Amino acid sequence: MAADTREPQQQPNELPKGFVIGKDGKPCRSCTSKKDFASWAQMTKSSLKSGAGGTGAATGAAVGAAAAASTFSQALPTDDCPADVETLGRSTWTLLHSIAATYPKTPSVAEQSDLKTFMGVFSRLYPCWVCAEDFQVYMQKERIQVGSRDEFGKWLCEAHNAVNVKLGKDKFDCSKWEERWRTGWKDGRCD
Ligand SMILES: Cc1cc2nc3c(=O)[nH]c(=O)nc-3n(C[C@H](O)[C@H](O)[C@H](O)COP(=O)(O)OP(=O)(O)OC[C@H]3O[C@@H](n4cnc5c(N)ncnc54)[C@H](O)[C@@H]3O)c2cc1C
């Protein structure tokens, strides 16, 4: 889902849609879904077998990917593998929305400052670099709201929705963010 054509462009000509190379020129697991990574492994293995590789850095990336991806694809049914873009995303949203859920209703100046700092650093360190770049742009456009739990919760919900829209998913109803992440649903299914 994280298909991206931005720099670095050290990719062989034919890549499965959604496969992303990291800034180090190697396959970026945390930017790519398991499915796309496995497709890349198959393609790379076949192309290496037939002797039709790319050149220079692209070939290096391909060889690295073949080795990494063959292990990765064999290990698909287990959970103890490096996170792909979806597992990483799901876990991260859980952390972020849970931070919103426990953020004070009336935060102190220090708490507001901590949250701003955390989110700024987070947006630079997020392991999927294409996701991180877009999130930084989002944060520049939509200034973070940290004045209260509800303010931050809704800001984060809208930020998550921006990613949902980018990925072609439905928007979440942000009036329900607390039910989803703090109180549990009114129908009692979380009790
Ligand atoms: C900062 C960030 C940027 C990302 N950028 C990309 C990207 O560029 N490309 C890419 O492929 N993936 C990206 N991801 C990952 C992506 O957002 C998803 O996490 C991943 O695709 C798995 O999606 P999912 O359908 O399991 O649900 P997720 O989107 O992970 O959501 C988890 C749960 O949160 C709830 N939820 C959904 N929307 C909202 C909302 N708006 N507010 C509150 N709760 C909500 C739902 O109950 C859902 O099941 C990013 C993740 C993060 C944290």
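Just so you know, residue 1 is the first one in the sequence shown, and it goes up from there. Keep in mind that what you see is a predicted model, and the values were worked out from it rather than measured. Order of appearance sets the numbers: ligands from 1, and atoms from 1 within every ligand.
Neither the backbone nor the side chain of Trp177 comes within 4.0 Å of ligand 1, counting heavy atoms alone. When heavy-atom distances to ligand 1 are checked against a 4.0 Å cut-off, Thr92 comes that close only through its side chain, counted from C-beta outward. If you look at Val130 next to ligand 1, there are no close heavy atoms at all, none under 4.0 Å.
With 3.5 Å as the limit, one finds no donor-acceptor pair spanning the side chains of Asp114 and Thr117. Judged by distance alone, the side chains of Asp84 and Thr87 do bring a donor and an acceptor atom under 3.5 Å apart.
Side-chain N or O atoms of Glu142 include none that pairs as donor or acceptor with a backbone N or O of Gln140 at under 3.5 Å. Within the 3.5 Å criterion, the main-chain N or O of Arg90 finds a donor-acceptor partner in the side chain of Thr94.
Near Tyr126, the atoms of ligand 1 lying under 4.0 angstrom from a non-hydrogen atom of the residue are 51 (C), 52 (C), 53 (C). The Arg180 neighbourhood of ligand 1 comprises atoms 33 (C), 35 (C), 46 (C), 47 (O), with distances under 4.0 Å to a heavy atom of that residue. Close approach to His97 involves these atoms of ligand 1, each under 4.0 Å from a residue heavy atom: 42 (N), 43 (C), 44 (N). Atoms of ligand 1 lying under 4.0 Å from at least one heavy atom of Leu167, given by number and element, are 9 (N), 10 (C), 11 (O), 12 (N), 16 (C), 21 (O).
For the pair Trp181 and ligand 1, the shortest N or O to N or O distance falls below 3.5 Å. Polar contact with ligand 1: present for Cys157 (N/O pair, distance under 3.5 Å).
For the residues Met119, Gln136, His160, Lys154, the heavy atom positioned nearest atom 36 (N) of ligand 1 is part of His160. By heavy-atom distance, the residue among Tyr138, Trp93, Phe122 lying nearest atom 2 (C) of ligand 1 is Trp93. Counting heavy atoms only, Lys169 comes closest to atom 24 (P) of ligand 1 of the residues Lys169, Glu86, Glu158, Met139.
Annotation: cation-pi geometry not satisfied between Arg180 and Phe172 (NZ/CZ under 6.0 angstrom from ring centroid, within 45° of ring axis).
Ligand 1 is approached by Lys166 to a heavy-atom distance shorter than 4.0 Å. Ligand 1 does not have Lys171 within reach: every non-hydrogen atom of the residue lies 4.0 Å or more from it.
Disulfide criterion (SG-SG under 2.5 Å) for Cys128 and Cys31: not met.
Only one option out of Tyr126, Trp129, Phe122 pairs with Phe135 in a ring-ring contact (aromatic ring centres under 6.0 Å, His included); it is Phe122.
The two residues Ala132 and Ser123 come nearest to each other via the heavy atoms CB-O, 3.5 Å.
Between Asp134 and Lys166 there is a salt bridge, with a side-chain nitrogen of the basic residue lying less than 4.0 Å from a carboxylate oxygen of the acidic one.
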